> 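Could you have a look at this structure, given as structure tokens, before my questions?
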Amino acid sequence: MTTINTIGVLGAGQMGAGIAQVAAQSGYAVKLADATVELAAKAKGKLEATLGKLVEKGKLSAADKDAALARITPVGSIQDLADCDLSVEAVTEKVELKLELFRKLDGAAKPGAILASNTSSISITKIAAVTSRPELVIGMHFMNPVPVMKLVEVIRALQTSDATYAATIELAAKMNKTVVTAKDAPGFIVNRILIPLLNEACFALQEGIGTAKDIDEGVKLGLNHPMGPLELADLIGLDTVLAIAEVLHRDLGDDKYRAANVLRKHVEAGWLGRKTGRGFYRYENGQRVG
Ligand code: CAA
């Protein structure tokens with residue numbers, strides 16, 4: 001079974017940075033890669049601020065913060081992930097992009113290295129098939145925000161070996177996460193259930209059944225969810241929610257999964273949620289202001 005000491009993270013957005021944080025805090029050496037080393041370094045800078053807040057709150061010692069940050073090396077090329085024992089891809093939810101990056105990752109990674117995808121909905125079997133090591137490819141789906149959420153959904157491609165599966169389960173446990181195993185079906189378990197919920201909230205908004213605030217308050221207080229569906233969609237990113245809805249619609253072939261027009265229009269407008277300062281709500285410096 002692959003021994004994992006060094007973890008590569010491809011994509012330094014909110015998910016990739018969260019995975020890098022948890023891996024580094026769990027004692028792993030991490031290479032955090034993005035299109036340029038500057039982008040990866042910027043993400044590390046944000047992590048420094050996040051860990052600094054945890055130190056201020058007394059939830060992390062300054063020494064542990066420094067040690068975690070020292071374990072993260074920002075890099076600007078897939079080639080820099082060559083010596084990683086396992087790399088997790090966490091780029092935008094676009095199938096062609098993921099397939100292209102997996103081909104490159106497969107070319108760069110050392111023999112025996114595991115290649116995991118944090119995809120929320122795309123077929124792991126399809127991703128595995130573009131590599132020369134399909135038995136070493138697996139889905140490792142973290143939840144957002146990664147450091148706070150306990151779950152990792154592990155998805156076996158048709159080709160994934162038992163050894164790859166076992167090494168991934170062991171890694172997730174060392175990262176202090178609880179694993180559920182899902183079949184390689186569109187949306188796996190969590191998004192098969194979550195995305196129709198968020199999309200239905202969009203339909204409710206579009207049909208004028210309630211305001212965004214009333215829809216969210218209704219679900220929060222009426223169903224005891226920590227966040228309303230529209231603010232959760234803003235947190236995930238409306239482009240990601242739409243991309244997953246489109247995978248469910250296309251791959252399950254059922255119109256009940258069609259994306260609400262209001263969701264599509266927000267994405268077309270570039271109102272992608274928290275990350276762009278506007279989604280169903282408005283945000284300044286990551287805080288909701290309207
Ligand atoms: N590292 C470590 N701890 C962190 C942290 C970080 N980066 N960021 C926040 N925390 C800690 C905070 O210190 C805080 O701890 P205490 O309660 O001990 O003080 C705790 O996490 C909660 O943080 P906040 O007080 O800032 O926020 P909150 O209490 O309002 O909770 C929330 C925020 C955790 C996001 C909560 O609203 C929630 O659980 N929402 C639902 C999130 C959810 O459903 N995520 C899944 C999305 S689906 C997905 O990800 C799959 C997909 O593919 C789309």
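When reading the values below, keep in mind they use all heavy atoms of this one structure, side chains included, and skip hydrogens, waters and symmetry mates. Here the structure is a predicted model, which is why all the values come from computation and not from measurement. Remember, it's 1-based here, ligands and their atoms both numbered in the order they're listed.
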> Is it true that Asp64 and Lys59 make a salt bridge, defined as a side-chain N closer than 4.0 Å to a carboxylate O?
no
> Got an N/O contact under 3.5 Å between Thr50 and ligand 1?
no
> Name the option, out of Asn191, Ile236, Leu198, that contains the heavy atom nearest to atom 52 (C) of ligand 1.
Asn191
> Apply the test side chain to side chain contact (heavy atoms under 4.5 Å, CB included) to residues Trp271 and Arg282: give CA-CA distance (whole Å), side-chain angles for both, the deciding distance (0.1 Å), then the verdict.
CA-CA 9 Å; Trp271 298 345; Arg282 288 172 187 264; over 6 Å; no
> Would you mind running through ligand 1 and noting each atom that sits below 4.0 Å from a heavy atom of Pro147?
1 (N), 2 (C), 6 (C), 7 (N)
> In the complex you have, is atom 48 (S) of ligand 1 within reach of the protein, judged by whether a heavy-atom distance drops under 4.0 Å?
yes
> I need the minimum non-hydrogen distance between Thr119 and Glu93, along with the two atoms involved.
OG1-OE2, 2.7 Å
> Please state which option from Met227, Lys59, Lys220 has its nearest heavy atom closest to atom 17 (O) of ligand 1.
Lys59
> Can a salt bridge be assigned to the pair Asp234 and Arg278 using a cut-off of 4.0 Å between side-chain N and carboxylate O?
no
> With the threshold set strictly below 4.0 angstrom, can you tell me whether any protein non-hydrogen atom sits that near atom 27 (O) of ligand 1?
no
> Looking at atom 13 (O) of ligand 1, what's its closest protein heavy atom, distance included?
Lys57 NZ, 2.8 Å
> Between Lys53 and Glu56, does any side-chain N to carboxylate O distance fall below 4.0 Å?
no
> Just to check, does His141 reach to within less than 4.0 Å of ligand 1 when the distance is taken from its heavy atoms?
yes
> Who gets closest to atom 51 (C) of ligand 1 by heavy atom: Met143, Gln21, Gln25, Gln14?
Met143
> Do the side chains of Lys126 and Asp251 get close enough for a salt bridge, i.e. N-O under 4.0 angstrom?
no
> Could you list the atoms of ligand 1 found under 4.0 angstrom from a heavy atom of Ser120?
53 (O)
> Answer yes or no: is there an ion pair linking Lys44 with Glu48, defined by an N-O contact shorter than 4.0 Å?
no
> Could you tell me if the side chain of Ile124 sits less than 4.5 Å from the side chain of Phe188, heavy atoms only?
yes
> Nearest heavy atom to atom 35 (C) of ligand 1: which of Gly18, Pro145, Gly187 does it belong to?
Pro145
> Between ligand 1 and Val190, can you find any atom pair, the residue atom being a heavy atom, that is separated by under 4.0 Å?
no
> Classify the contact between Met149 and ligand 1 as side chain, backbone, both or neither, using a heavy-atom distance cut-off of under 4.0 Å.
side chain
> Under 3.5 Å, N or O to N or O, is Asn144 touching ligand 1 that way?
yes
> Do the charged groups of Glu100 and Lys94 touch, with an N to O distance under 4.0 Å?
no
> Is it true that a side-chain atom of Thr160 and a backbone atom of Val137 form a donor plus acceptor pair closer than 3.5 Å?
yes
> Could you find the nearest protein heavy atom to atom 2 (C) of ligand 1 and give me its residue, atom name and distance?
Leu54 CD1, 3.4 Å
> Of the listed options (Leu232, Leu60, Ile244), which comes nearest to atom 44 (O) of ligand 1 when hydrogens are ignored and any heavy atom counts?
Leu232
> Please list the nearest protein heavy atom to atom 4 (C) of ligand 1 with its residue and the distance rounded to 0.1 Å.
Val148 CG2, 3.6 Å
> Short question: side chain of Gln21, backbone of Leu51 - any donor-acceptor pair under 3.5 Å?
no
> Return the residue, atom name and 0.1 Å-rounded distance of the protein heavy atom closest to atom 36 (C) of ligand 1.
Pro226 CB, 4.1 Å
> Looking at atom 19 (O) of ligand 1, tell me if a protein heavy atom falls under 4.0 Å from it.
yes
> With atoms numbered from 1 as shown, which atoms in ligand 1 lie under 4.0 angstrom from a non-hydrogen atom of Leu194?
48 (S)
> Donor-acceptor check, side chain of Asn144 to backbone of Met15, threshold 3.5 angstrom: yes or no?
no
